[in-house]
Amino acid sequence: MSTTRKAWLTPGNVVLALLLIWAGWHAFDWAVLNAVFRPDVAACRALDGGGACWGVVAAKYRLILFGTYPVDQQWRPLLVTVILLALIICSAMRRCQGHRLLLAWGAGLLAVALLLKGGLFGLSNVDTPRWGGLPLTLLLTVVGLAAAFPLAVLLALGRADTERRWPAVRVLCSVLIEVVRGVPLVAVLFMAAFMFPLLLPEGWEFPALLRVLIGIVVFAGAYLAEVIRGGLLAIPAGQVEAAQALGLSYWQVQLRVVLPQALRGAMPSIMNSAVALFKDTSLVIIVGLFELTGALGLAVDGDPIWRPFALDGYIFIALIYWLGCFAMSRYSRQLERSA
Amino acid sequence: MQKHRDYLLQAVVIVLALAALYALASIVVAKMRVLGIEPGFGFLRQRAGFDIGDSRIAFDAGDSYGRAFLVGLINTVSVSLVAIAASVTLGGIVGLGQLGRNRLFAWLCEAHVEVFRNVPLLLQLLIVYVLLIGRLPLPHDAWHVFGNWGPNIWLSKSGLAMPWPVWGAHGLTLDRPVLGRFTFSGGAMLSPEFMAVAAALTLYTSAYIAETVRGAVQSVSQRQTEAALALGLNERQALRFIVVPQALRSMIPPLANQLLNLVKNSSLAVAVGYPDLVAVADTTLNQSGHAVECISIIMAMYLLLSLLTAALMGAWHARLLRRQAGARA
């Protein structure tokens, strides 16, 4: 179809263009020209829906971005956000990749944990229920993905069973993967929130954050496993046979020959899983953790003065999510092209 | 030698898995007994004691938990079906539109995909819900959709009221909604929660379906279109008879995946208070304490729905392949 001439000036197009210009102008009018940017409730009320009230963001940005983290300590989650973003952006650049990046991630995550939790080096102790907002979203995504990865590799190797040696293990991995992929994340999170406590001995406490994180790891692990298995299946059998002929053991074959190629091939799909996980972290609000979406709910629903302007707040955080997802999916497409 | 080691390894893995499962189950059962909850599904026959605002079948607080779950399941299925129909239509249009000759429309379709794919579904749901609740008029000033000529459809804060066929004494008649003192009665009513969930699922999934459609159409060789045009078919015919049938073949498996995701994603309805399976399970769980049973029911139901969707789409795929093979022979 694209071989044929592209049409621009048709009557339908003109109408569509006029409609678009009209809609675009109204959106611009609403979002910029008529909008209130000051945290001024009276001005926002006077708009009567004729303009955006970004004032709600100006008034509540601390609660939206950092949740209920103690106000005088909020430089800590801010620093955490900067560290995590820097590490993520660095990982995407070819120049930084290598063993040193892995070290940087290790050090970075340690610093993040220390900064958020405190209790050492004169930092006051802040318990996990008070962590929230953007740093929590990033933390859940990054740690969830990192912890899901080894699980996913094991599940994928078990299910692919390229040498046809372990039918029982294959069935076990398949069942695990398909069950987790067959149920919604909400169900997995419910399990983490309500069933884990039943497994612990009397009097034991397990922070909600850790429970939710385990749920996320299992969920993301099952999806990643399928992505990685796709990469494994793309490796020609000759590679494995050649490696075996050289006398390598099963794990040597997998770790040195199969996995490096499989993971490289699956990279675009792995990025897509990362985007999905980033979006999915918004669900943890359902079990009572206040990451970005939950923190916004906390900020506007808990305050009758600003509650009427919830929509503007939601649009603001939608923009944050959009930027993150768009950047990641563009990066994934670039990987695909360079592969 | 290696063979024996493999068998041993497998036996160990299986025994460990079974032992872990047994240990977990016995811990849970013991803990529930300590909490004074008798494990098992007997509680489903107990009186639920809560009302469900939005139900396709008769339900009140006197009915059982079991019936409440049935209401939830029907709600999940009905909102999913509406969203499936709408998102496949919208996704098809957007997907083909991206490839169409009309560059402006193609650009609009690309924008649709980029916007709705890159914002979490939960957030889209909350935005649609806030918009609906905030901007819709009260029932007394309800919008008469399609004006006075159209069927009796009213849109207001209490939902979308529309005529519904009923089987009564006079045979099949159309029950029309009538505005009472506070809200509409008669006909069928779709709650704002239902509309929000259906709309958000449609927007989100349509972006993915559009990409699926685009990919499938692009996978059909350009030469096919050229050949069809050379044979004297016009563009519409080439699309209808040559490209789409071939694209359909490679499109159905990923489309099935998207529909599976849609059904699972309908579980987010709990966030706006639409009484779907998860919402009913959540209420039941908090009231009765039967966490393990409630979560098992949710998981079993979604697995069942997933299997059903996969089986239906698989059957369609098989039938299509058979028919196309038959046509070629």
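Here is how names work: the chains are called A, B, and so on, in the same order as the sequence lines, proteins then strands, and each is numbered from 1. Since the model is a prediction, treat every value here as computed from it, not as a measurement.
- Ranking L131(B), L285(B), L304(B) against chain A, the residue ahead of the rest is L285(B), based on heavy-atom pairs under 4.5 Å.
- In this structure, chain B has heavy atoms under 4.5 Å from both the backbone and the side chain of I317(A).
- The interface of residues 19-28 of chain B with chain A, defined by heavy-atom distances below 4.5 Å, comprises L24(B), I27(B), V28(B).
- Residue contact with chain B, scored on non-hydrogen atoms closer than 4.5 Å, involves the side chain of I286(A) exclusively.
- Using a 4.5 Å heavy-atom threshold, the side chains of V292(B) and M195(A) count as touching.
- Side-chain atoms of Y302(B) and V186(A), non-hydrogen and from C-beta on, never get closer than 4.5 Å to each other.
- Distance check, rounded to the nearest 0.5 Å: OH of Y314(A) to CG of L125(B) gives 9.5 Å.
- Chain A forms the most heavy-atom pairs under 4.5 Å with one residue out of D282(B), L307(B), L260(B), and that residue is D282(B).
- Summarising the geometry of A168(A) relative to Q10(B), their closest heavy-atom pair is N-OE1, 2.7 Å, with the distance given to 0.1 Å.
- K279(A) contributes no side-chain N or O that, together with a main-chain N or O of L122(B), makes up a donor-acceptor pair within less than 3.5 Å.
- Contact count against chain B (heavy-atom pairs under 4.5 Å) is highest for P167(A) among A276(A), P167(A), A193(A).
- The side-chain heavy atoms of I298(B) and V183(A), taken from C-beta on, include no pair separated by under 4.5 Å.
- Atom CG in N118(B) sits 9.0 Å away from atom CZ in R330(A) (nearest 0.5 Å).
- Residues G182(A) and L303(B) come closest through the heavy atom pair CA-CD2, 3.8 Å.
- Between R117(B) atom CZ and F326(A) atom CZ the span is 9.0 Å, to the nearest 0.5 Å.
- Residues T293(A) and L126(B) meet the side-chain proximity criterion, which asks for heavy atoms closer than 4.5 Å.
- Residue L277(B) does not touch chain A at all, counting heavy-atom pairs closer than 4.5 Å.
- Of the two parts of L292(A), neither the backbone nor the side chain holds a non-hydrogen atom closer than 4.5 Å to a non-hydrogen atom of chain B.
- Neither the backbone nor the side chain of R170(A) comes within contact range of chain B; no heavy atom of the residue lies under 4.5 Å from a heavy atom of that chain.
- Per-residue heavy-atom pair counts under 4.5 Å with chain B were compared for S282(A), G324(A), A187(A), and the maximum is reached by S282(A).
- At a 4.5 Å heavy-atom cutoff, the contact between V270(B) and chain A is made by side-chain atoms alone.
- L123(B) touches chain A through its side chain: at least one heavy atom from C-beta onward sits under 4.5 Å away, while N, CA, C and O do not.
- The part of Y204(B) that comes within reach of chain A is its side chain, from C-beta onward, which places non-hydrogen atoms under 4.5 angstrom from that chain.
- Under a 4.0 Å N-O distance rule, the pair R333(A)/E211(B) does not qualify as a salt bridge.
- Interface remark: of the candidates I127(B), V130(B), V263(B), L305(B), I127(B) forms the most heavy-atom pairs closer than 4.5 Å to chain A.
- Distance check: L311(A) CG to I133(B) CD1 gives 12.5 Å after rounding to the nearest 0.5 Å.
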